[in-house]
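Only one structure is covered here, and it is reproduced in the block below.
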Amino acid sequence: MKAFEDAEKNGATDPISATLAGRLRSIRLMGKLGFAHVEDASGRIQFFLRVNELGEEKMTFFKEYFDLGDFIQGTGTLTRSRTGEISLILTDFAMLAKAISPLPAAKDEVVDGVVVRHATLADPETRYRQRYADLAVNPEVRQIFRTRTALITALRKFLDSHDFMEVETPILQPIYGGAAARPFITHHNQLKQDLYLRISFELYLKRLLVGGFDRVYEIGRDFRNEGVSYKHNPEFTQLEFYWAYADYLKVMELTEQMIAFACDQVLGTRKVTYNGQEIDFNPPWKRVDLRQGLINAIGIDIQAYPDAASLEKVMLEKGMKFKPGEARGKLIDHLLGEYLEPTFIQPTFLYDYPRDISPLAKTKPGDPTMVERFEGFVGGMELCNAFTELNDPQDQENRFLEMGRQFKADDEENMPLDEDYIHAMAYGMPPCGGFGIGVDRLAMLFTDNHSIREVILFPPLRESE
RNA sequence: GGGCGCGUAGCUCAAUGGUAGAGCAGUGGCCUUUUAAGCCAUUGGUUGAGGGUUCGAGCCCCUCCGCGCUCACCA
């Protein structure tokens, strides 16, 4: 097409011939001539069928056998139709693939240059169950996944260019860890051993720091056997990196740069519209101290309530609803989830977390109850989580044991003691900053989708029938 | 798991308890510059499944299945 336009500009008159292929998206036949739009991943073009060039026989064949959705190859020369659209005048064509089953066809109307689609496939169940049909008829859905892929490419490019090495660690793990979540359990027949699908990459990536890789990252799937929601999917894509000789403050800065870089690469702008609000990813992000943030939001200074009982008491006095009997850290987690998270529309780092909900993070100097940890929030949604990693094997072992005591023996969210991880750390692990981000959620923000299923190609659904 | 809502033709949607419809797609016909092509004709339904109430149920009631929203859950 470009060659044709160039030739037109230069006043060239030699016909440009071409062979093009794609899927038939519209057919308009009128006796001895007709038009059809043919679409492939690169766009669409109009085929012009005329009995003058094709002859009666081929014209009849087309009429008889071609339907919407079929894949066609056409050979001919490029021209402009009377209405100015570049079209391929066919001298021959071939059926490449037949659509036995009709696509849930949508019709496009171009009004003032804007494509208006009529009666498009819209039922979410059908769209997810038959994503292939959704993609085939809804170009904007294809665009979501192009953006998603471009996003992952950009994140990779950023980390590669900062000398991070991409690695792959086990998905099937004998002991799960690195997060507090219920795992999926599977079984290896020959080993006669139950295995868990990983809930995070963390413990394996940090083993690599012990091994001498100073900057590692992994992009892959985590599995958590928990409820689904607009921002939770049982399997989701996570990016984690670990950075030796860095702390959480340096990780914050790198995070800002990485997201801004992805914006530039993928969107060409650092301002996105999400849920009707403009979100500005330009660094620096807003930074909120967790303790101060809670004081401002609800007037509770967690420092003044050093144990669960006293904190529960003041929360009750404020008329807050919560599950009683939780550990102090869980109560604080509840507070920030309830009163802070939804208010963080613009990119915000919430930092300095209570120690007892952060068993892998390094304690803050001068305050043994707090750790050097931050979470990033955007659009009222938790996006990433990071901390200065705990690298003292004895402290780490104590934390695991502490965590174990907080849970009942049958609680699957219990973080089991990973002795090999402790052993690795005992060889010496460099101080480092670690980081994890929910790639699906970032894709939601980049594509202005408010359901994680819209950015996952094949979201899980119950079996039908 | 709880609450609310939805499920009608391939797709998008109508139908006070009284013979299930439209547009597009499909099929047949006309048409040599269309682009939601047009015109004429026409096919298409176990109204998610099962039960109940009623002379009569797409509509009312119950059970089940699926989906959505929401709450709970969730580093």
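Note that the structure is a prediction, hence the values are computed from the model and not measured.
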In terms of side-chain heavy atoms of [X], which of [options] is nearest?
{"X": "R129(A)", "options": "rU33(B), rC74(B), rC67(B)", "value": "rC67(B)"}
{"X": "S451(A)", "options": "rA75(B), rC69(B), rC67(B)", "value": "rC69(B)"}
{"X": "V51(A)", "options": "rU27(B), rU32(B), rU33(B)", "value": "rU32(B)"}

Counting the atoms with a prime plus P, OP1 and OP2 as sugar-phosphate, which does [X] contact under 4.0 Å by heavy atoms, base, sugar-phosphate, or nothing?
{"X": "L461(A)", "answer": "sugar-phosphate"}
{"X": "R462(A)", "answer": "sugar-phosphate"}
{"X": "E382(A)", "answer": "sugar-phosphate"}
{"X": "N52(A)", "answer": "base"}
{"X": "R127(A)", "answer": "nothing"}
{"X": "Y353(A)", "answer": "nothing"}

First of P460(A) and I357(A) reached from the 5' end of RNA chain B, by closest nucleotide: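 The residue whose closest nucleotide sits nearer the 5' end is P460(A).
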Residue closer to the 5' end of RNA chain B, A36(A) versus H334(A) (nearest nucleotide):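 Looking at the nearest nucleotide for each, A36(A) comes out on the 5' side.
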Distance-only donor-acceptor test, E85(A) side-chain atoms vs rU34(B) base atoms, 3.5 Å: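 For E85(A), whose side chain was compared with the base of rU34(B), there is no donor-acceptor pair (under 3.5 Å).
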Distance test, side-chain N/O of R453(A) to OP1/OP2 of rG68(B), below 4.0 Å: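 Result: yes.
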Short side-chain N/O contact to rA37(B) OP1/OP2 from R28(A), under 4.0 Å: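 Checking rA37(B) against R28(A), a side-chain N or O does come within under 4.0 Å of OP1 or OP2.
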Atom pairs, N/O to N/O, protein against nucleotides 43-48 of chain B, distance under 3.5 Å?
none

Measure the distance from [atom1] on [X] to [atom2] on [N] and round it to the nearest whole Å.
{"X": "R44(A)", "N": "rA36(B)", "atom1": "CZ", "atom2": "P", "value": "11 Å"}
{"X": "H450(A)", "N": "rU70(B)", "atom1": "NE2", "atom2": "P", "value": "12 Å"}
{"X": "F35(A)", "N": "rU32(B)", "atom1": "CZ", "atom2": "P", "value": "12 Å"}

Cation-pi, F458(A) ring and R131(A) (6.0 angstrom, 45 degrees):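 No.
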